[in-house]
*Asks:* 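Following this message is one structure expressed as structure tokens.
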Amino acid sequence: MKEFNDLCRLFEELDSETYSELLNEKAARILPALAGITEDGMSGLEIFASFIMGAIVSDNKLTEDEYVLAYPLFRSFFGEAADYSLVKESVKKSRSGNREMKKQVDEMIDILGTLSEDLKDDIVTVCLMICAVDGKVSLSEKRWIKQLIR
């Protein structure tokens with residue numbers, strides 16, 4: 001547990017340049033690996049996108065600042081197609097219910113089970129970075145991330 005809290009603190013304290021570099025590095029490895037995966041009719045990328053939105057709303061708080069901070073993240077992962085209004089609407093839909101969030105977590109865990117340990121670590125790292133984007137990984141965000149590493 002202490003190691004996980006130390007890792008959270010590390011990401012909470014990342015400067016914006018290092019944050020962006022690390023995020024771009026992870027995206028370059030994760031996206032190609034997920035491109036060919038499908039689960040229940042959704043592509044691995046679609047599941048990952050919905051899962052990222054889950055990370056953003058996992059603390060049940062979503063401020064305008066978080067939208068602004070999340071926008072570059074979506075751009076680095078999903079390119080030009082992820083404009084601000086689309087991200088905002090998608091995040092709003094992700095907050096619609098715990099049942100949908102549970103389904104997203106279950107789908108992502110299923111996908112993680114098919115990947116290498118290094119790729120799993122990259123995905124968990126990205127999710128943790130998303131939760132830390134506002135400078136604090138809350139208790140509910142920590143609980144949400146721990147579902148991936150059980």
Side-chain angles (χ1 to χ4, degrees), residues 1-35 37 43-95 98 100-102 104-150:
M1 180 66 146
K2 182 181 177 340
E3 290 175 15
F4 181 70
N5 287 332
D6 290 344
L7 188 59
C8 290
R9 200 168 302 108
L10 173 77
F11 287 114
E12 289 169 343
E13 296 171 357
L14 275 183
D15 64 89
S16 60
E17 185 175 322
T18 304
Y19 184 96
S20 293
E21 288 173 11
L22 183 57
L23 195 59
N24 287 331
E25 173 191 316
K26 299 297 181 191
R29 290 175 34 181
I30 292 170
L31 294 179
L34 293 179
I37 296 173
S43 75
L45 293 176
E46 289 170 323
I47 293 168
F48 190 54
S50 64
F51 195 72
I52 287 174
M53 287 179 239
I56 291 170
V57 299
S58 63
D59 64 355
N60 292 320
K61 292 184 278 181
L62 193 59
T63 66
E64 197 67 30
D65 287 341
E66 287 174 315
Y67 278 131
V68 172
L69 289 170
Y71 178 70
L73 169 78
F74 279 95
R75 290 285 302 259
S76 79
F77 270 98
F78 305 108
E80 298 296 321
D83 68 13
Y84 181 75
S85 60
L86 174 67
V87 170
K88 190 172 179 176
E89 186 60 33
S90 296
V91 169
K92 200 181 293 185
K93 286 179 185 175
S94 291
R95 292 187 70 187
N98 286 338
E100 185 62 28
M101 289 282 273
K102 171 91 172 97
Q104 291 168 359
V105 169
D106 290 345
E107 289 172 337
M108 199 63 219
I109 289 171
D110 288 346
I111 287 175
L112 287 174
T114 68
L115 304 175
S116 71
E117 287 300 315
D118 286 343
L119 196 53
K120 287 180 199 178
D121 289 347
D122 285 346
I123 290 171
V124 171
T125 298
V126 167
C127 291
L128 186 52
M129 289 177 69
I130 292 164
C131 290
V133 74
D134 60 356
K136 176 72 178 133
V137 181
S138 71
L139 182 58
S140 58
E141 289 171 326
K142 288 177 182 179
R143 287 182 188 136
W144 191 81
I145 293 292
K146 285 181 181 181
Q147 295 177 80
L148 298 177
I149 54 179
R150 51 177 141 122

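The chain is numbered in sequence order, starting from 1.
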*Asks:* Could you pull out the closest heavy-atom pair between Val126 and Ile30, with the gap in Å?
*Replies:* CG2-CD1, 3.7 Å
*Asks:* Leu115 versus Ile123: any side-chain heavy-atom pair under 4.5 Å?
*Replies:* yes
*Asks:* According to side chain to side chain contact (heavy atoms under 4.5 Å, CB included), who are the partners of Glu117, at least two apart in sequence or on a separate chain?
*Replies:* Lys120
*Asks:* Quick check: closest heavy atoms across Ala27 and Pro32, and the distance to 0.1 Å?
*Replies:* O-CD, 3.9 Å
*Asks:* Which residues pass the side-chain hydrogen bond (donor to acceptor under 3.5 Å, both in side chains) test with Thr114, sequence neighbours left out?
*Replies:* none
*Asks:* Kindly write out the residues that satisfy side chain to side chain contact (heavy atoms under 4.5 Å, CB included) with Glu12, not counting sequence neighbours, or none if the list is empty.
*Replies:* Arg9, Ala132, Lys136, Val137
*Asks:* What pair of heavy atoms forms the shortest contact from Glu141 to Ser138, and how long is it?
*Replies:* OE1-N, 2.7 Å
*Asks:* Just jot down the side chain to side chain contact (heavy atoms under 4.5 Å, CB included) partners of Leu22, sequence neighbours excluded, or say none.
*Replies:* Phe11, Leu14, Glu25, Lys26, Met129
*Asks:* Atom OG1 in Thr125, atom CG in Leu10: separation rounded to 0.5 Å?
*Replies:* 10.0 Å
*Asks:* Output all residues satisfying side-chain hydrogen bond (donor to acceptor under 3.5 Å, both in side chains) with Asn5, sequence neighbours left out; order by chain, then residue number.
*Replies:* Lys142
*Asks:* Which distance, rounded to the nearest 0.5 Å, do you find between the OG of Ser16 and the CD of Glu21?
*Replies:* 10.0 Å
*Asks:* Test of understanding: with side chain to side chain contact (heavy atoms under 4.5 Å, CB included), list the residues that count as partners of Ser116, not counting sequence neighbours.
*Replies:* Asp118, Leu119
